[in-house]
Amino acid sequence: MIDLEFPDGSHRQFDDGVTGLDVAMDISPGLAKQAFAIALDDELRDLKRVIEHDGKIRIITARDEEGLELIRHDAAHVLAEAVQELFPGTQVTIGPIIDDGFYYDFAREEHFSTEDFATIEAKMAEIIDRNDPIEREVWNRDEAIAFFKDKGETYKAELISDLPVDEEITLYRQGKWVDLCLGPHLPSTGKVPKAFKLMKLAGAYWRGDSSNAQLQRIYGTAWTNPKELRAYLTRLEEAEKRDHRRLGNALELFHFQEEAQGQVFWHPNGWALYRALQDYVRRCQKKAGYAEINTPQLMDRKFWEASGHWDKYREHMFISSIDQEDKVLAVKPMNCPCHVQVFNHGQKSYRDLPMRLAEFGSCHRYEPSGALHGLMRVRAFVQDDAHIFCREDQVTDEVKAFCTLLQSIYKDLGFEEVQVRFADRPETRVGSDEVWDKAEASLKAAADATGLEVVHNPGDGAFYGPKLDFVLKDAIGREWQTGTIQADFNLPERLDASYVAEDGERHRPVMLHRAILGSFERFLGILIEHHAGNMPLWLSPIQVVVTTITSEMDDYAREAAAILEAAGLRVKTDLRNEKINYKVREHSHAKVPVIAVAGHREREERTLALRFLGEGGKHQQVLKLDEVVAKLTSEATPPDMKFD
RNA sequence: GCCGCAGUAGCUCAGUGGUAGAGCGCGUCAUUGGUAAUGACGAGGUCGGGAGUUCAAUUCUCCCCUGCGGCACCA
């Protein structure tokens with residue numbers, strides 16, 4: 001007898017040889033029809049597989065998260081079968097599920113084209129209509145290898161050879177098509193809902209290694225019903241609407257052009273936004289005890305050799321020279337070695353520590369062309385970089401203070417959900433275990449003290465020290481790694497940084513590398529997408545547009561705008577001979593937070609009619625000029641300058 | 001860097017082996033109109049660059065550049 005416990009806690013007994021399907025049938029034929037698979041003690045199993053032992057059972061249907069995963073996994077198999085039927089000679093490799101869908105990697109001489117998608121989708125629908133039962137088979141290892149080799153499926157044969165010796169080799173058969181797979185699967189191909197779509201075609205390296213052959217990857221999405229598929233496609237469109245590249249163009253923030261690949265031309269609006277963010281960070285860092293510095297762009301090659309960067313990153317560095325001199329200079333790809341120079345200049349005492357040196361450091365890196373992506377990945381960027389030189393026993397306090405600063409900045413910028421990733425010692429590293437113990441403990445303690453979710457990243461630290469990475473979640477749930485703090489025991493040694501301690505001897509300081517935004521360019525990209533271009537008033541490039549009903553109020557509008565501008569607001573006037581509807585529409589599209597309208601009445605009463613973005617005309621407020629100044633300057637005050 | 005796709009007016013895009021179109025924007029004129037598009041007229045393009053096929057190329061072929069989607073990379 002087999003004793004099974006159901007999710008509601010009830011138990012039922014079944015005869016030996018019972019399958020998941022029998023159990024579902026025993027509950028109700030309707031459930032048996034809907035059932036995809038079972039979870040036995042949380043292990044997913046095929047419906048038709050015999051249940052050999054007691055345990056907790058759940059019947060998986062399309063309603064379960066696992067059910068959706070089964071659909072996607074089967075959709076991948078159906079895709080592979082369709083492709084092999086349509087394009088004989090194509091080899092299958094792997095086809096896992098991913099967020100929102102699945103992909104399958106194929107090896108084929110000729111290239112697929114997105115034009116093939118319609119044909120493949122039609123064939124997939126045909127396979128679903130065939131409703132072939134999907135059968136699990138356990139194979140002998142060598143026979144399985146021989147089987148796939150015989151079929152010319154060398155990738156599959158390689159996969160089997162690499163499986164652990166004691167691993168059970170399972171094949172899944174649907175109609176005439178067979179694939180190596182761990183399973184489980186739906187009972188038949190007809191269970192795959194016709195709510196799938198092939199999305200894109202891409203190259204992908206075999207086993208993710210660029211020295212291996214490149215395969216052709218077909219991405220697809222699959223859902224439990226067409227309504228969910230449509231909802232997903234709509235979600236993609238919404239995400240596209242907040243794409244910072246589209247908004248950057250529409251809101252006249254910045255542009256790119258081919259003569260300066262991966263470098264940003266910031267326009268007046270974009271630069272106002274950039275400056276508002278930078279001024280804010282500058283004030284926050286000053287308050288947190290950082291001293292701002294600035295260091296050279298070009299440094300002699302020998303310098304980078306000493307720092308170790310020449311060896312490791314030479315290919316990603318821009319090199320410069322001048323006809324009159326023999327020297328080779330490199331454009332700095334990072335600021336840390338320069339900061340050590342500032343620290344090294346003149347003798348430092350333990351009394352000078354901790355020394356926090358901050359720089360909005362302009363860096364250049366030769367990123368691979370395929371990696372460039374709008375503001376998110378550029379070749380010239382500015383980091384909100386700083387290095388803290390301190391004693392070992394100061395690390396804990398410094399890391400804690402940094403975490404506090406970072407949290408308050410993220411909060412001010414509208415990011416509430418933040419995660420910390422703690423990366424500890426990798427296998428190859430510098431520094432003694434004793435020092436690593438201390439550094440790791442400091443970072444871990446500081447991470448825990450933040451109250452944020454902490455994820456452990458074992459072995460992912462830099463060779464020179466452990467680190468904390470900060471990941472924030474944006475308005476549509478995407479995660480972005482932005483901030484970081486890293487302990488470094490290596491660079492102070494390489495560049496011979498030292499201070500005189502109380503004992504009168506020279507000691508090495510610990511160096512903490514840290515950034516909160518990472519790069520202004522990338523962070524602004526994230527910020528623009530997070531707010532969908534509707535920047536909070538204090539960051540908005542143009543905060544107020546003063547506009548008129550008719551040209552009779554032009555003088556009054558100019559005067560009002562001058563008063564607002566004098567109060568520190570970013571103001572524009574719009575005195576064009578256009579209807580108010582037209583002007584309101586245009587500035588609303590430009591996402592200007594406040595439109596101040598002046599008509600006859602306003603001019604007579606020395607008021608402005610304020611219209612706020614997103615609120616329509618409903619909540620307009622007519623206020624006296626001094627009230628407008630008071631209200632808007634108060635609302636536009638950067639969060640760090642509010643003292644209430 | 002690798003694979004696929006794309007590049008036509010300032011922007012978004014349509015189109016064709018016989019040297020090009022729309023909407024918005026821009027300019028001129030009229031209109032002075034209370035909260036998401038006033039009307040009329042007009043200007044504007046070596047169809048990404050180079051080579052080839054052809055009587056003829058924006059269209060077909062090849063190479064290059066740039067962009068887009070992935071992969072690899074990201075101190």
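Only heavy atoms go into these numbers, but all of them, side chains included; no hydrogens, no water, no symmetry mates. Each chain gets a letter, A, B and so on, in the order its sequence line appears, and its residues count up from 1. Remember, predicted model here, so these are calculated numbers, not experimental data.
Here A:Q620 lies in heavy-atom contact (under 4.0 Å) with a base. Among the protein residues, A:K312 comes within range of no part of the nucleic acid, since none of its heavy atoms lies under 4.0 Å from any strand. Residue A:H316 is classed as a base contact, given a heavy-atom separation below 4.0 Å to a base. Across all strands, A:A609 comes closer than 4.0 Å to base atoms (heavy-atom distances).
For A:E259, the CD atom is densely surrounded, since the number of other residues' heavy atoms within 6.0 Å is greater than 12. More than 12 heavy atoms of other shown residues, nucleotides or ligands fall within 6.0 angstrom of atom CD in A:Q257.
Spacing of C1' atoms, B:C47 relative to B:A20, comes out at 8 Å, to the nearest Å. Going from the C1' atom of B:A37 to that of B:G23 covers 13 Å, rounded to whole Å. Here, B:U8 and B:G44 have their C1' atoms 14 Å apart, quoted to the whole Å. Taking atom P in both B:U19 and B:U59, the straight-line distance is 14 Å, to the nearest Å. Distance check on atom P: B:U58 versus B:G50 gives 11 Å, rounded to whole Å.
One finds no side-chain N or O of A:R601 lying less than 4.0 angstrom from the OP1 or OP2 phosphate oxygen of B:G34. In this structure, A:Y582 reaches the B:G25 phosphate: one of its side-chain N or O atoms is under 4.0 Å from OP1 or OP2. Considering only side-chain N and O atoms, A:N581 lies under 4.0 angstrom from the phosphate OP1 or OP2 of B:A36. At the phosphate of B:A36, OP1 or OP2 sits under 4.0 Å from a side-chain N or O atom of A:R611. Remark: A:H309 is not in phosphate contact with B:A75, judged by side-chain N or O atoms under 4.0 Å from OP1 or OP2. Between A:S210 and the phosphate of B:C2, there is no side-chain N or O to OP1/OP2 separation shorter than 4.0 Å. When the side-chain nitrogen and oxygen atoms of A:H619 are compared with OP1 and OP2 of B:U35, none of them lie within a distance under 4.0 Å. In terms of phosphate contacts, A:R245 brings a side-chain nitrogen or oxygen within less than 4.0 Å of OP1 or OP2 of B:G69. Taking side-chain N and O atoms only, A:Q214 has no distance below 4.0 Å to OP1 or OP2 of B:A72. Under 4.0 angstrom from either OP1 or OP2 of B:G67 there lies at least one side-chain N or O belonging to A:Q261.
Of the listed nucleotides (B:A72, B:C71, B:A36), B:A36 has the atom at the smallest distance from the side chain of A:S588. You'll find that the side chain of A:A371 is closest to B:C73, out of B:C73, B:C71, B:C65. Side chain of A:V597, nearest nucleotide from B:U35, B:A36, B:G33: B:U35. Distance from the side chain of A:K200 is smallest for B:G70 among the nucleotides B:U32, B:G70, B:A36. Picking from B:C5, B:A75, B:U66 the nucleotide with the shortest atom distance to the side chain of A:T114 gives B:C5. Nearest to the side-chain atoms of A:N249 among the listed nucleotides B:C11, B:G34, B:G4 stands B:C11. Distances were taken from every side-chain heavy atom of A:R585 (C-beta onward) to each of B:A36, B:A75, B:G70; the shortest belongs to B:A36. Nearest nucleotide to the side chain of A:E602, out of B:G69, B:A75, B:G34: B:G34. Of the candidates B:U66, B:C71, B:G4, the closest approach to any side-chain atom of A:H111 belongs to B:G4.
Along RNA chain B, the nucleotide nearest to A:I580 and the one nearest to A:H373 differ in position, and the one closer to the 5' end is contacted by A:I580. Taking the nucleotide of RNA chain B with the nearest heavy atom to each of A:A204 and A:R379, the more 5' of the two is matched to A:R379.
Separating the CG atom of A:L201 from the C1' atom of B:G69 is a distance of 10 Å, rounded to the nearest angstrom. Taking atom CG of A:D243 as the reference point, atom P of B:U12 lies 12 Å away to the nearest angstrom. Atom pair A:F381:CZ and B:A75:P shows a separation of 10 Å (rounding to whole Å applied). Summarising the geometry, the separation between CD1 on A:I218 and C1' on B:C3 is reported as 13 Å, rounded to the nearest angstrom.
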**Request:** Given side-chain hydrogen bond (donor to acceptor under 3.5 Å, both in side chains), test A:Q341 with A:T295 step by step and report yes or no.
**Result:** CA-CA 9 Å; A:Q341 304 316 299; A:T295 60; over 6 Å; no
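At a cut-off of 3.5 angstrom, the base of B:U32 holds no donor-acceptor pair with the side chain of A:E552. With hydrogens and angles ignored, a donor-acceptor pair closer than 3.5 Å exists between the side chain of A:Y205 and the base of B:G1. In this model, a side-chain donor or acceptor of A:R377 finds a partner on the base of B:C73 within 3.5 Å.
Results of the salt bridge (charged side-chain N to carboxylate O under 4.0 Å, His left out) test with A:E238 over A:K241, A:R242, A:R235 single out A:K241 as the only residue that passes. Exactly one residue among A:M511, A:R356, A:H513 makes a side-chain contact (heavy atoms from CB on, under 4.5 Å) with A:I388. That residue is A:R356. Of the listed residues (A:L247, A:I476, A:D243), just one forms a side-chain contact (heavy atoms from CB on, under 4.5 Å) with A:E529, and that residue is A:D243.
With hydrogens and angles disregarded, a donor-acceptor distance shorter than 3.5 Å links the side chain of A:K156 to the backbone of A:T93. Judged purely by atom type and a 3.5 angstrom limit, A:R365 uses its side chain to pair as donor or acceptor with the backbone of A:P333.
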**Complete:** Dot-bracket assigned to RNA chain B with the 3.5 Å Watson-Crick/G-U criterion, [ ] for crossing and | for other-strand pairs, is (((((((..((((....[..)))).(((((.......))))).....(((((..]....))))))))))))....
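Taking the centre of each ring, A:F112 and A:F87 come in below the 6.0 Å mark.
Residues A:H587 and A:K572 are not in side-chain contact: their nearest non-hydrogen atoms beyond the backbone lie 4.5 Å or more apart.
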